[in-house]
Amino acid sequence: MRLLVTGGAGFIGSNFVRHIVNTYPDWQIVNFDKLTYAGNLANLHDVESSDGYSFVQGDIADREAVAKLFSDLAPEAVVNFAAESHVDRSILDASAFIETNIKGTQVLLEAARQCPVERFVQVSTDEVYGALGEEGVFTEQSPLQPNSPYAASKTAADVLCMAYRKTYDIPVVITRSSNNYGPYQFPEKLIPLMIRNALSGKKLPVYGQGRQVRDWLFVDDNCRAIHEVLLKGRPGEVYNIGGDCERRNIEIVELICDILASKVDEPRSFRELITFIEDPRGAAHDFRYALDCSKLQRELGWKPSVGLEEGLERTVDWYLENQAWVESVITGEYQEYYQKVYGGR
Ligand code: NAD
Ligand code: TYD
């Protein structure tokens, strides 16, 4: 198999590349990544010298670079992880989200039209469905009602994928997963940000009252699901991928505090660091996400295997053992971003 993975230096992409390289040593895997603030080759230090693996730096929105990549590799399959992925950044400035998430996806689809592939997996998100109240779940048939600029850009990409499927018969399959967590997640998202702040004795900034609900999916489970979809997903179909682990944000933050307290030498109350701040997302803050994943289970036999307590403990352990990684990915740009979102609050 000649597989093109885009965005493979980011959080989920690097976990997926590791999973595939270790599962199929005979596959040829090219990781095409722009290396934005969120992309880091150190995420792949343990697989970079594997025989079938190679890295090409580039932008999925760059038509010429992508055309060259397709003609050099002639990929049989594409998995598109490359994206601007953070809601808070999209609220500060949506431009890069439009460029990468929408135009970049269209450039990849166009390349797949010129140089046909057997499978094109578009990695999307449950955020395209919008927000739920206290009850209910999203199925693959739920209407697309995105609220943040990030969610709107991912929705546009999904709709383009479906249009290319209908118009040009590109064998697109879309995955929509809930919130991932695990090793190598950039410390701007809830879980790694809280772990890092707690370990540095900084405040733990919970938006509003922390009542929002997310469904948490351990990243390895998502990688296994995307693997199944790559091999056996039906072209033109959408598959929801959820962790079956709904929790309010405040519960997640308290759980992280308690796990950390049980691991550090000097017992400390990390919970005292929790600070409720004015919600920077305002009306774009989706209250709750929850997914019906019965289609994936029925058709491809997948279900999540890592529960929240186990997954969070593994995640905390990883961050404790890899504090140097955390410091290495936090640049001046991160400090500037942090100041913008949390500075005055
Ligand atoms: P991430 O921000 O950690 O990584 C994104 C990667 O894409 C980085 O390596 C970055 O350098 C690369 N990239 C960005 N712009 C690019 C461009 N123009 N060309 C080439 N590479 C580019 O994101 P993630 O959390 O790993 O998410 C991966 C995918 O999964 C995204 O499409 C995201 O929308 C989707 N997703 C993420 C979650 C989650 O909880 N993290 C949940 C559902 C869906
Ligand atoms: P996040 O990890 O950014 O994922 P998403 O917005 O894609 O769901 O945020 C998860 C939840 O945590 C979301 O409801 C916003 C909240 N949150 C905080 O309360 N404080 C924070 O510092 C961050 C980053 C998020």
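Model, not experiment: these values are computed from the prediction. Counting starts at 1 for both ligands and their atoms, in listed order.
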Visitor: Do Tyr239 and Glu299 meet the criterion of a side-chain donor-acceptor pair at a distance under 3.5 Å?
Guide: yes

Visitor: Checking a contact table here: which protein heavy atom is nearest atom 7 (O) of ligand 2, and how many Å away?
Guide: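 For this ligand atom, the closest protein heavy atom is Glu127 OE2, 2.5 Å.
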
Visitor: Once you restrict to heavy atoms under 4.0 Å, what part of Lys154 touches ligand 1? Side chain, backbone, both or neither.
Guide: side chain

Visitor: Do Asp88 and Tyr207 have a side chain donor and acceptor closer than 3.5 Å?
Guide: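 The answer is yes; a qualifying pair exists.
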
Visitor: Would Tyr150 count as a contact residue for ligand 1, given that I'm defining contact as a non-hydrogen atom of the residue lying under 4.0 Å from a ligand atom?
Guide: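 Checking ligand 1 against Tyr150, which is what was asked, there is a heavy-atom contact under 4.0 Å.
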
Visitor: Got an N/O contact under 3.5 Å between Trp216 and ligand 2?
Guide: no

Visitor: Report yes or no: does a heavy atom of Thr6 sit under 4.0 Å from some atom of ligand 1?
Guide: no

Visitor: Looking at ligand 1, would Ser178 count as a contact under a 4.0 Å heavy-atom criterion?
Guide: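 Heavy atoms of Ser178 do come under 4.0 Å of ligand 1.
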
Visitor: In terms of atom number and element, which parts of ligand 2 are under 4.0 angstrom from non-hydrogen atoms of Glu188?
Guide: 24 (C)

Visitor: Considering non-hydrogen atoms only, spot the tightest contact between Ser328 and Asn40 and give its length.
Guide: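 What the structure gives for the nearest pair is OG-ND2, 4.4 Å.
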
Visitor: Could you tell me the residue and atom name of the protein heavy atom closest to atom 4 (O) of ligand 2, and the distance to it rounded to 0.1 Å?
Guide: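 Checked against all protein heavy atoms, atom 4 (O) of ligand 2 sits closest to Asn179 ND2, 3.2 Å.
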
Visitor: Could you check whether Asn179 and Tyr289, counting side-chain N and O atoms only, form a donor-acceptor pair closer than 3.5 Å?
Guide: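 There is no such pair (donor and acceptor under 3.5 Å, judged by atom type) between the side chains of Tyr289 and Asn179.
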
Visitor: Specify the protein heavy atom at minimum distance from atom 2 (O) of ligand 1: its residue, its atom name, and the distance to 0.1 Å.
Guide: Ser85 OG, 2.7 Å

Visitor: Could you tell me whether Leu35 approaches ligand 1 through its side chain, its backbone, both or neither, with non-hydrogen atoms closer than 4.0 Å?
Guide: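 It is the backbone that gets close, since no side chain atom is under 4.0 Å.
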
Visitor: Would you mind listing which atoms of ligand 2 come within a distance below 4.0 Å of any non-hydrogen atom of Val87?
Guide: 6 (O), 7 (O)

Visitor: Among all the protein's non-hydrogen atoms, which is closest to atom 44 (C) of ligand 1, and how far away is it?
Guide: Ser124 O, 3.1 Å

Visitor: If you take the nearest heavy atom of each of Val206, Asn249, Ile191, Asp126, which one is closest to atom 16 (C) of ligand 2?
Guide: Asn249

Visitor: Side chains of Trp216 and Asn180 only: does a donor on one sit below 3.5 Å from an acceptor on the other?
Guide: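 No, because no side-chain N or O of Trp216 sits under 3.5 Å from a partner of the opposite role on Asn180.
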
Visitor: Any salt bridge between Glu246 and Arg214, counting N to O under 4.0 Å?
Guide: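 A salt bridge is absent here (no side-chain N lies under 4.0 Å from a carboxylate O).
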
Visitor: Is Ala96 touching ligand 1 with its side chain, its backbone, both, or neither, if touching means heavy atoms under 4.0 Å apart?
Guide: neither

Visitor: Write out the residue and atom name of the closest protein heavy atom to atom 15 (N) of ligand 1, then the distance separating them to 0.1 Å.
Guide: Thr100 CG2, 3.5 Å

Visitor: Is the charged tip of Lys189 near the ring of Tyr181: under 6.0 Å from the six-membered ring centre and within 45° of its axis?
Guide: no

Visitor: Look at atom 1 (P) of ligand 2 and find which of Arg281, Arg288, Arg248 reaches it with the closest heavy atom.
Guide: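 Result: the heavy atom closest to atom 1 (P) of ligand 2 is in Arg281.
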
Visitor: Is Leu190 close to ligand 2, meaning an N/O of one under 3.5 Å from an N/O of the other?
Guide: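 Yes, Leu190 has an N/O under 3.5 Å of an N/O on ligand 2.
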
Visitor: State whether Arg314 and Asp220 are salt-bridged, where the test is any N-O pair (Lys NZ or Arg NE/NH1/NH2 against Asp/Glu carboxylate O) under 4.0 Å.
Guide: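 Looking at Arg314 and Asp220, the cut-off is met.
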
Visitor: Does any N/O atom on Tyr342 come nearer than 3.5 Å to any N/O atom on ligand 2?
Guide: yes

Visitor: Does any non-hydrogen side-chain atom of Glu313 lie less than 4.5 Å from one of Leu255?
Guide: no

Visitor: In terms of side-chain heavy atoms, does Tyr129 have a donor or acceptor partner in Asn240 at a distance below 3.5 Å?
Guide: yes

Visitor: Based purely on interatomic distance, does Ser177 place a nitrogen or oxygen under 3.5 Å from a nitrogen or oxygen of ligand 1?
Guide: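 N/O-N/O distance below 3.5 Å does not exist for this pair.
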
Visitor: Would you mind listing which atoms of ligand 2 come within a distance below 4.0 Å of any non-hydrogen atom of His285?
Guide: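 Those of ligand 2 that fall under 4.0 Å from His285 are 13 (C), 14 (O), 15 (C).
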
Visitor: Less than 6.0 angstrom from the centroid, inside 45 degrees of the normal: does Lys203 satisfy that with respect to the ring of Tyr342?
Guide: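 The answer is no; the distance or angle limit is not met.
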
Visitor: Answer yes or no for Gly8: is there a heavy-atom contact with ligand 1 below 4.0 Å?
Guide: no

Visitor: Report yes if the side chains of Val219 and Phe11 come closer than 4.5 Å at any heavy-atom pair, otherwise no.
Guide: yes

Visitor: Do me a favour and list the nearest non-hydrogen protein atom to atom 11 (O) of ligand 1 with residue, atom name and distance?
Guide: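 Minimum-distance protein heavy atom for atom 11 (O) of ligand 1 reads Asp33 OD1, 2.6 Å.
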
Visitor: Of all the non-hydrogen atoms in the protein, which one sits nearest to atom 19 (N) of ligand 1, and at what distance?
Guide: Ile60 N, 2.9 Å

Visitor: Judged by modelled atom types alone, do Asp292 and Thr139 share a side-chain donor-acceptor pair under 3.5 Å?
Guide: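 Note: Asp292 and Thr139 side chains miss the donor-acceptor criterion.
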
Visitor: Within 45° of the axis and under 6.0 Å from the centre of the six-membered ring of Tyr337, does NZ or CZ of Arg89 qualify?
Guide: yes

Visitor: Can you tell me if Glu110 and Tyr164 form a side-chain donor-acceptor pair at under 3.5 Å?
Guide: yes

Visitor: Please state which protein non-hydrogen atom is closest to atom 41 (N) of ligand 1 and give its distance, to 0.1 Å?
Guide: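 That would be Ile12 CD1, 3.7 Å.
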
Visitor: Looking only at protein heavy atoms, identify the closest one to atom 19 (O) of ligand 2 and say how far it is in Å.
Guide: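 Going by distance alone, atom 19 (O) of ligand 2 is nearest to Tyr207 N, 2.8 Å.
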
Visitor: Quick one: are Phe81 and Ile226 in side-chain contact, heavy atoms under 4.5 Å?
Guide: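 Yes - at least one pair of side-chain heavy atoms lies under 4.5 Å apart.
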
Visitor: Could an N or O of ligand 2 be found under 3.5 Å from any N or O of Asp88, whether backbone or side chain?
Guide: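 No.
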
Visitor: How close does the nearest protein non-hydrogen atom get to atom 20 (N) of ligand 2, and which residue and atom is it?
Guide: Pro205 O, 2.8 Å

Visitor: Could you tell me whether ligand 1 has any atom less than 4.0 Å away from a heavy atom of Gly104?
Guide: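 The answer is no: ligand 1 sits nowhere under 4.0 Å from a heavy atom of Gly104.
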
Visitor: Considering only non-hydrogen protein atoms, determine which one is nearest to atom 5 (C) of ligand 1 and report residue, atom name and distance to 0.1 Å.
Guide: Ala83 O, 3.4 Å

Visitor: N/O to N/O below 3.5 Å, does that happen between Tyr289 and ligand 2?
Guide: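 N/O-N/O distance under 3.5 Å: no.
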
Visitor: For ligand 1, is there an atom lying under 4.0 Å from some heavy atom of Phe81?
Guide: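 Per 4.0 Å heavy-atom rule, Phe81 contacts ligand 1.
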
Visitor: Which of the atoms of ligand 2 are close to His86, meaning less than 4.0 Å from one of its heavy atoms?
Guide: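 Reading through ligand 2 atom by atom, the close ones are 3 (O).
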
Visitor: Establish, from distance only, whether the side-chain atoms of Tyr24 and His227 form a donor-acceptor pair under 3.5 Å.
Guide: yes

Visitor: What protein heavy atom is closest to atom 30 (O) of ligand 1, reported as residue, atom name and distance in Å?
Guide: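 Ranked first by proximity to atom 30 (O) of ligand 1 is Val123 CG1, 3.4 Å.
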
Visitor: Counting distance only, does the side-chain N/O of Arg196 pair as donor-acceptor with the main-chain N or O of Val326 below 3.5 Å?
Guide: no

